[in-house]
Amino acid sequence: MNLFFKLFILISLSYNILFAIVMEEGNLYKEKQELMAVKDELNEFYESKELEYQKRKAELENIHKKIKDDEENIIKIRDKNQKTLDEINRVISSKAMLMYDKMKVKIVVNIFKEMIKNDELDEVFNILIRLKDKRAMVILKKLDTKVSTKLMKQMKEHEEKIKKETK
């Protein structure tokens, strides 16, 4: 009986071990299937996000291109408007210079004095540099010496600036 009992224990132990191995193999297979399913889901998710990213990237590139085009158009319009404005200012300036050249010196001096009172010395300077030199000197002689000195200093700086720019 002892042998029979030992044999029974050995068979049942072997059966349990084999059953455990089969069970473990089944669990491993099941886990592998679950991992594959998760991997597939992650790949699907990643691919959908990648497509979404590519769409957004293309949209942003189109928007960026449109902004660049709009910027170039704005710059062209600004340059065109600046040219027009410069031409208008040139015409106005030349008409004003003609008027100042034709006015009597006493009237021009009175206008300049009024402008100087209103803190428009730079405007007086801009007009003076466009007048003929002889006429400008006659006007400067009739103005206050402090004002004439400031204007002469500005005229000298202006001439030096022009000389530097032409070199």
Side-chain angles (χ1 to χ4, degrees), residues 28-167:
L28 286 175
Y29 180 76
K30 187 176 177 183
E31 285 178 13
K32 183 179 178 183
Q33 291 300 325
E34 288 174 359
L35 284 175
M36 291 299 285
V38 169
K39 179 185 172 193
D40 290 343
E41 286 178 29
L42 285 174
N43 282 339
E44 206 174 285
F45 175 77
Y46 173 76
E47 288 171 3
S48 70
K49 289 301 176 185
E50 181 66 23
L51 286 173
E52 187 178 324
Y53 166 76
Q54 292 300 331
K55 274 184 179 178
R56 298 285 186 242
K57 183 179 176 187
E59 288 173 4
L60 286 174
E61 287 172 352
N62 289 337
I63 290 170
H64 183 70
K65 185 177 184 263
K66 186 176 180 335
I67 289 171
K68 284 276 190 192
D69 292 344
D70 290 347
E71 182 182 18
E72 288 173 7
N73 289 335
I74 289 169
I75 290 171
K76 286 177 186 176
I77 291 169
R78 184 199 66 202
D79 291 345
K80 182 181 172 186
N81 288 343
Q82 187 62 47
K83 285 179 185 178
T84 304
L85 184 62
D86 290 344
E87 189 173 321
I88 289 170
N89 286 335
R90 207 173 18 258
V91 168
I92 290 172
S93 178
S94 59
K95 284 185 179 182
M97 291 307 105
L98 282 173
M99 287 177 20
Y100 283 113
D101 275 337
K102 291 182 180 180
M103 283 184 195
K104 292 183 181 180
V105 173
K106 187 176 181 181
I107 295 172
V108 174
V109 170
N110 288 335
I111 291 171
F112 284 176
K113 283 180 180 178
E114 191 63 35
M115 290 172 77
I116 291 166
K117 270 187 203 175
N118 294 330
D119 283 335
E120 296 176 1
L121 187 65
D122 288 336
E123 197 63 37
V124 172
F125 168 74
N126 287 332
I127 295 169
L128 271 176
I129 60 171
R130 288 181 177 84
L131 293 175
K132 295 176 186 169
D133 287 344
K134 283 186 178 181
R135 188 151 176 94
M137 286 302 146
V138 171
I139 293 170
L140 283 171
K141 286 180 187 176
K142 302 220 181 228
L143 291 173
D144 181 57
T145 53
K146 287 182 182 179
V147 172
S148 292
T149 304
K150 287 180 184 177
L151 289 169
M152 289 292 287
K153 186 177 178 183
Q154 281 184 315
M155 290 172 88
K156 183 179 178 185
E157 290 170 358
H158 179 70
E159 286 178 20
E160 288 173 1
K161 182 181 173 187
I162 290 174
K163 285 179 184 176
K164 284 182 183 177
E165 289 175 357
T166 56
K167 286 185 180 181

Qualifying side chain to side chain donor-acceptor pair (under 3.5 Å) pairs with a residue from residues 103-121, counting only residues at least two apart or across chains |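 Sorted result for residues 103-121: empty, none.
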
Would you say I129 and Q154 make side-chain contact, with heavy atoms under 4.5 Å?
->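 SC-SC contact between I129 and Q154 ruled out.
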
Flag side-chain contact, heavy atom, 4.5 Å: Y46 against L42 =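 The answer is no; the side chains never approach within 4.5 Å.
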
Can you tell me how far apart [atom1] ([X]) and [atom2] ([Y]) are? Round to the nearest 0.5 Å.
| X | Y | atom1 | atom2 | answer |
| --- | --- | --- | --- | --- |
| E157 | F125 | CD | CZ | 8.0 Å |
| I77 | T84 | CD1 | OG1 | 11.5 Å |
| T145 | M152 | OG1 | CE | 12.5 Å |
| I116 | D144 | CD1 | CG | 8.0 Å |
| I74 | N81 | CD1 | CG | 11.5 Å |
| M115 | L121 | CE | CG | 9.5 Å |

Worked verdict on V108 versus K142 for side chain to side chain contact (heavy atoms under 4.5 Å, CB included) = CA-CA 10 Å; V108 174; K142 302 220 181 228; over 6 Å; no

Contacts table for residues 56-72: side-chain donor-acceptor under 3.5 angstrom, sequence neighbours left out:
residue: N62; atom: ND2; partner: A58; partner atom: O; Å: 3.4
residue: K66; atom: NZ; partner: D70; partner atom: OD2; Å: 3.2

In a check of side chain to side chain contact (heavy atoms under 4.5 Å, CB included) between E160 and each of H158, K156, K163, which one passes?
->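 Single pass found, and it is K156.
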
Salt bridge (charged side-chain N to carboxylate O under 4.0 Å, His left out): which pairs involve residues 39-54, sequence neighbours left out?
->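 Applying salt bridge (charged side-chain N to carboxylate O under 4.0 Å, His left out) to every pair that reaches into residues 39-54, excluding sequence neighbours, yields K49-E52.
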
Test side chain to side chain contact (heavy atoms under 4.5 Å, CB included) applied to R78 and I75, step by step | CA-CA 5 Å; R78 184 199 66 202; I75 290 171; 4.1 Å; yes

Would you find a donor on one side and an acceptor on the other, under 3.5 Å apart, between the side chain of S148 and the backbone of L140?
->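 Yes; at least one donor-acceptor contact below 3.5 Å.
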
Tell me, yes or no, whether the heavy-atom count around M155 atom CE, taken from other residues, nucleotides or ligands under 6.0 Å, exceeds 12.
->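 For M155, atom CE is crowded (more than 12 foreign heavy atoms under 6.0 Å).
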
Determine, step by step, whether L128 and F112 satisfy the side chain to side chain contact (heavy atoms under 4.5 Å, CB included) criterion, reporting the C-alpha distance in whole Å, the side-chain angles of both residues, the deciding distance to 0.1 Å, and the verdict.
-> CA-CA 10 Å; L128 271 176; F112 284 176; 3.9 Å; yes

